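For reference, the structure is listed below as structure tokens.
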Amino acid sequence: MAMKISTDQFKERVDKGIHDGFMRGAVASAQDGMGKKRHIAADELGNWEDWRSHGEEIRQHVLENLDYYLEQLSENVAKRGGHVFFAQTKEEANQYIKSIVHKKNAKKIVKAKSMVTEEISLNAVLEQEGCEVIETDLGEYILQVDDHEPPSHIVVPALHKNKEQIRDVFTEKLGYTKSSKPEELAWHAREMLRKEYLTADIGITGCNFAIAETGSISLVTNEGNADLVTALPKTLITVMGMERLVPTFEEMEVLVSLLTRSAVGQKLTSYITVLTGPRQELDVDGPEEFHLVIVDNGRSKILGSEFQSVLQCIRCAACINVCPVYRHVGGHSYGSIYSGPIGAVLSPLLGGYEEYKELPYASTLCGACTEVCPVKIPLHNLLHKHREVIVEREGKAPISEKLAMKAFGLGAASPTLYKLGSKFAPVAMNPFTVGDKISKGPGPLKAWTDIREFPAPNKERFRDWFKNREKGDK
Amino acid sequence: MKVTLFATCIVDLFQGNVGKATVELLEKLGCEIEFPESQVCCGQPAYNSGYVKESKDAMKRMIDTFIDAEYVVSPSGSCITMFHEYPHIFKGDPVWESKAKTLAEKSFELTQFIVDILKVEDVGAHFEGSVTYHTSCHMTRLLGVKEAPMILLKNVRGLKFTELPGKEQCCGFGGTFSVKMAQISEQMVDEKVRHVEETGAEYLIGADAACLMNIGGRIERKGMPIKVLHIAEVLNSRG
């Protein structure tokens, strides 16, 4: 998997999404369920807004001092006997990981869920090297079994599938014979996965938060799979986005609380795994060798730019779970492993405007995302900022739109022009008007009237009514 | 009290009734209404599409038009939200930032003005019918006006209120989104219309003419009997 998940054009992807009734049902009920749970979990804390401000403060502080904390982190990992590699690009990250695979002559790799490894296409690279790569997060596992289908959500990757579809996938690919009961499906996956942990040569994880002061990494799961991935294989590789760290455990506690409540409405997840370097003398388990790969892959370009706040993201997906656009088109429509509002902001930054120029427009700027973000990223403002960049710096807006907006600028800024234009609007729209409405509008209005009626301009503008009334009064 | 009315371009051109109801309602509440002729559009359509340069001239025009007003009141949460955005848009501008701040501080959405400034919670309205209310995104989330319309509607005699399911969800208007992303917009407005239908209400009320044009236009196209009214019209009604 790479960050880009489809070769279809944006319109084709949206069209597919809108016509996928199963997916839309699954997404709507997941949004309604998770949205409610998030609300309850946030209210429970009593002072959610203070928590959000605290979360924002922590993330901003880390970004402002990123070089300092990255250095502290890498020193402390090294002190405990771990290896740290800074990868500027995805190629560098993959090359480094490949070199470990060769050194260990590894054949089998188990993985805990990690978006950054999807971003750098790590699985494909490892498979090319002849490795068997097994995803152990249940959602990721389902997608992997289903011919490597891309994730449609950053926290719940198989959100778009219902249990019957999952049963069908298991039946076809794994010889599963039982029902579509979630417990039975999960049990089957558990049985399949258990033996893989025991025979894997290398474990690979992502990282929710690294802790600079101690050189630890932390992983938040509900399945305990990260515990096994970090405990059993002899070699462990953790891959993290370069911004995913906190100064101390104190800040980690705040962010984990914000993360689990925002993501799935839980006070805490079932497992929070913390690993500090390779196995030490008195440890009973843990890897003999530990590598931390810190990935830049375009992030340092965002740092210091007008989009810096997007790096505050803790990947909770609260914004995705309330987005009314995501609700109807689903995650695959975004064409990127990062979907929803956060994906619409992040994907053009990491993958370029050429590939993702439509995403910032796939929003009504309703602000639902900004309202729920636990670290206060002004997501709808960043979407707007992208539009500004696309129009004014990149020059990628359509010419017809540019002309229309130029005309708007002139008309709206000049009362004389505005008054003249608005006076003649009823006359201009007359050929299209039936009664008091327009059902078949010309030009850009057509896209509106294909779906809804458009009101005909009033014969008497409000301003004329007001003026006449004033005169009458006098 | 002197009120300078910012009618909005949609009301000026398409929804004259909303403007009239706003004027009459505020007069009943003892306000003296002024309508400066030089008002145009707040600039939002161009601004939200990314045409910041093109929209700034319109914004400056609006600032100059309303800067001397005592209170600026508008029957549109979204357009007033735009006035409140001006200080951010002109941030760092030696002339316009402070002027924009002055304007933002005295600009109010209609129901917000009635409840917070006039301190009136019962406007004496009488409206017979079952209604549901669409909470517009910009007005509730960005401007932060959530309670005022509810307080005022609660005190309207004869009005039967049913809450709209999924009320926090956007109706799919989003300015140019409605035509640029028409296919997605259609799905959004359809879900909104389904929710309105579920309430069984005869009327859909809202405080933003643009959202109402979107939802109302879809209701009309589907030939449904639900009537759409702006909250100013309901509050101005005397039975």
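Letters A, B, ... mirror the listed sequences (proteins, then strands); counts begin at 1. Nothing here was measured: the structure is a model prediction, and the numbers come from that model.
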Where does [X] contact chain A at under 4.5 Å (heavy atoms): side chain, backbone, both or neither?
X      : value
B/D190 : neither
B/E37  : both
B/I33  : both
B/C9   : both
B/L142 : side chain
B/K56  : neither
B/M188 : both
B/V23  : side chain
B/Q169 : side chain

**Message:** So that I know where these two stand, are B/F35 and A/F462 an aromatic pair - ring centroids less than 6.0 Å apart?
**Reply:** yes

Need one label for [X]: side chain, backbone, both or neither, based on atoms under 4.5 Å from any heavy atom in chain B.
X      : result
A/F454 : side chain
A/K446 : neither
A/A456 : backbone
A/D450 : backbone
A/S439 : both

Taking every heavy-atom pair that is under 4.5 Å apart, which of [options] has the most such pairs with chain A?
options                      : answer
B/S136, B/G166, B/G43, B/S55 : B/G43
B/R141, B/E54, B/Q183        : B/R141
B/C171, B/G174, B/A7         : B/G174
B/N214, B/V11, B/V179        : B/N214
B/I219, B/I184, B/V189       : B/I184

Among [options], residue most engaged with chain B (heavy-atom pairs, under 4.5 Å):
options                        : answer
A/V322, A/L383, A/V325, A/V14  : A/V325
A/T449, A/T370, A/V329, A/D436 : A/T449
A/C366, A/G17, A/P426          : A/C366

**Prompt:** Under a 4.0 Å N-O cut-off, is there an ion pair linking A/D32 with A/K37?
**Reply:** no

**Prompt:** Is A/E49 salt-bridged to A/R52, going by a charged N under 4.0 Å from an acidic O?
**Reply:** yes

**Asked** For residues 210-229 of chain B, which residue pairs qualify under ring pair (Phe, Tyr, Trp, His ring centres under 6.0 Å), counting only residues two or more places apart or in two chains?
**Response** none

Can [X] and [Y] be counted as having a side-chain donor-acceptor contact under 3.5 angstrom?
X      : Y      : value
A/S333 : A/K16  : no
B/T199 : B/T132 : no
B/S185 : A/R452 : yes
B/E24  : B/N236 : yes

**Prompt:** Can you tell me how far the CG atom of A/N381 sits from the OG atom of A/S309, to the nearest 0.5 Å?
**Reply:** 8.5 Å

**Asked** How long is the span from the CZ atom in B/F108 to the CZ atom in B/F6, to the nearest 0.5 Å?
**Response** 15.0 Å

**Message:** Other residues, nucleotides and ligands only: do more than 12 of their heavy atoms fall within 6.0 Å of CG on A/L403?
**Reply:** yes

**Prompt:** What do you reckon, is NZ of A/K467 surrounded by more than 12 foreign heavy atoms closer than 6.0 Å?
**Reply:** no

When you compare the side chain of [Y] with that of [X], does any pair of heavy atoms fall below 4.5 Å?
X      : Y      : result
B/K146 : B/M139 : no
A/N458 : B/L13  : no
B/C42  : B/M59  : no
A/R38  : A/N321 : no
B/C170 : A/P324 : yes
A/K357 : A/P348 : no
A/K406 : B/Y51  : no
A/R13  : A/H332 : no

**Prompt:** chain A contacts: which residues in residues 60-85 of chain B have a non-hydrogen atom closer than 4.5 Å to it?
**Reply:** B/R61

**Item:** Interface residues of residues 226-234 of chain B facing chain A - non-hydrogen atoms under 4.5 Å apart
**Value:** none

**Message:** Does B/E34 form a salt bridge (Lys or Arg N to Asp or Glu O under 4.0 Å) with B/K2? I'd like the steps, not just the answer.
**Reply:** CA-CA 7 Å; B/E34 187 186 71; B/K2 248 202 173 121; 5.0 Å; no

**Asked** Cation over ring, A/R461 on A/W465, under 6.0 Å and within 45°?
**Response** no

**Message:** Heavy atom to heavy atom, less than 4.5 Å: which residues from residues 385-392 of chain A reach chain B?
**Reply:** A/R387, A/E388, A/V391, A/E392

